[in-house]
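Right, one structure below, let's go through it.
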Amino acid sequence: MSEPPRAETFVFLDLEATGLPNVDPEIAELSLFAVHRSCLESPERDDSGTPMLPRVLDKLTLCMCPERPFTAKASEITGLTSEGLAQCRKAPFDDAIVKTLQAFLSRQEGPICLVAHNGFDYDFPLLCTELQRLGAHLPQDTVCLDTLPALRGLDRAHSHGTRAQGHKSYSLSSLFHRYFKAQPSAAHSAEGDVHTLLLIFLHRAPELLAWADEQARSWAHIEPMYVLPEGPSFEA
DNA sequence: TGCCAGGCCCTCTTTAGGGCCTT
């Protein structure tokens, strides 16, 4: 198998949605932080040596009102409700969102690598579902990196089969706590979780960049989480 | 009443089971 193209921009991504894959969820909030490769290769650090967020950072965060209801748990942890989003006159994930997303990505030097935690099983297929519903596409050379299997794989390689890994948690908050000895801020807001994800990435940037260069998957290979039933569309 | 993901990983494994991870 040939190696993926070397990404020049990494777009860190998180979605908040109406539930888990078992309920065919819809996106209610998305957040993207775009960081050029050069800023990840040599991150700035504070006096204690902790990596800091790059100064040059494009951000995009949008809320949208899904057509289907939130599960109780999804509303509880995200703080989002259909009523609240509707009250603020938020439209669903529509063509305007797609255009904004595409414009955001077009500002970044390609190829782009989308980065999400558990992205292969959640964020990427869900975003793919919403884009497919609208007949929209991302740049053809876009690739994706899932930090969950990447970090597990890196740790496994380091442990050399000594079973040192045990039952270590690889949730976003557990990783952050392990690396920074602190609780992540604003958990389960899309922007908060992207912030946490980016700091986790920076903590192990050289390894993750090398992982991405070898193992990032083409966006074209991402399958939608679910396919919406065929039905008449009365939209103009 | 029953509806209620799924691929990956670990171990008390491989003829399997259970938990993680995302909202």
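Lettering of chains follows the sequences in order, A, B, ..., and the numbering in each one begins at 1.
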Is the shortest side-chain heavy-atom distance between A/Leu151 and A/Leu208 below 4.5 Å?
yes
Atom [atom1] of [X] and atom [atom2] of [N]: how far apart are they, to the nearest Å?
X	N	atom1	atom2	answer
A/Glu26	B/dT22	CD	P	22 Å
A/Leu20	B/dG7	CG	P	15 Å
A/Glu223	B/dG6	CD	P	13 Å
A/Glu130	B/dT23	CD	C1'	13 Å
A/Phe12	B/dT22	CZ	C1'	18 Å
A/Phe120	B/dC9	CZ	P	12 Å
A/Asp155	B/dC9	CG	P	12 Å

Take A/Asn22 and A/Glu16, find for each the nucleotide of DNA chain B with the closest heavy atom, and name the residue whose nucleotide sits nearer the 5' end.
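Closer to the 5' end of DNA chain B: A/Asn22.
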Could you check A/Thr18 against A/Asp121 and say which one's nearest nucleotide on DNA chain B is further toward the 5' end?
A/Asp121
Could you give the distance separating [M] and [N] at their [atom1] atoms, to the nearest angstrom?
N	M	atom1	answer
B/dG7	B/dC12	C1'	23 Å
B/dC4	B/dT22	C1'	16 Å
B/dT13	B/dC8	P	22 Å
B/dT1	B/dG6	P	26 Å
B/dA5	B/dT23	C1'	12 Å

B/dC21, B/dC10, B/dT23: which one has an atom nearest the side-chain heavy atoms of A/Arg156?
B/dC10
Sort and list the pairs that fulfil salt bridge (Lys or Arg N to Asp or Glu O under 4.0 Å) and have at least one residue in [range], not counting sequence neighbours.
range	value
residues 100-119 of chain A	A/Asp58-A/Arg107
residues 196-214 of chain A	A/Arg37-A/Asp213, A/Asp155-A/Arg204, A/Arg204-A/Glu207
residues 169-196 of chain A	A/Lys59-A/Glu191

Please list, chain by chain and in numerical order, all residues satisfying ring-ring contact (aromatic ring centres under 6.0 Å, His included) with A/Phe176, sequence neighbours excluded.
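Here the qualifying residues are A/Phe180.
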At under 4.0 Å between heavy atoms, what does A/Asp14 touch on the DNA or RNA strands: base, sugar-phosphate, or nothing?
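A/Asp14: backbone/sugar contact only, no base atoms under 4.0 Å.
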Look at all strands and tell whether A/Leu15 reaches a base, only sugar-phosphate, or nothing, counting heavy atoms closer than 4.0 Å.
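Sugar-phosphate contact only.
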Mind checking what makes salt bridge (charged side-chain N to carboxylate O under 4.0 Å, His left out) contact with A/Lys73, not counting sequence neighbours?
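If we apply the salt bridge (charged side-chain N to carboxylate O under 4.0 Å, His left out) test to A/Lys73, skipping adjacent residues, the hits are A/Glu76.
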Pairwise distance CG(A/Leu134) to NE2(A/His137) - rounded to 0.5 angstrom
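Nearest 0.5 Å value for the CG-NE2 distance: 10.5 Å.
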Residue-level proximity of residues 179-193 of chain A to DNA chain B when a heavy atom falls under 4.0 Å:
A/His188, A/Asp193
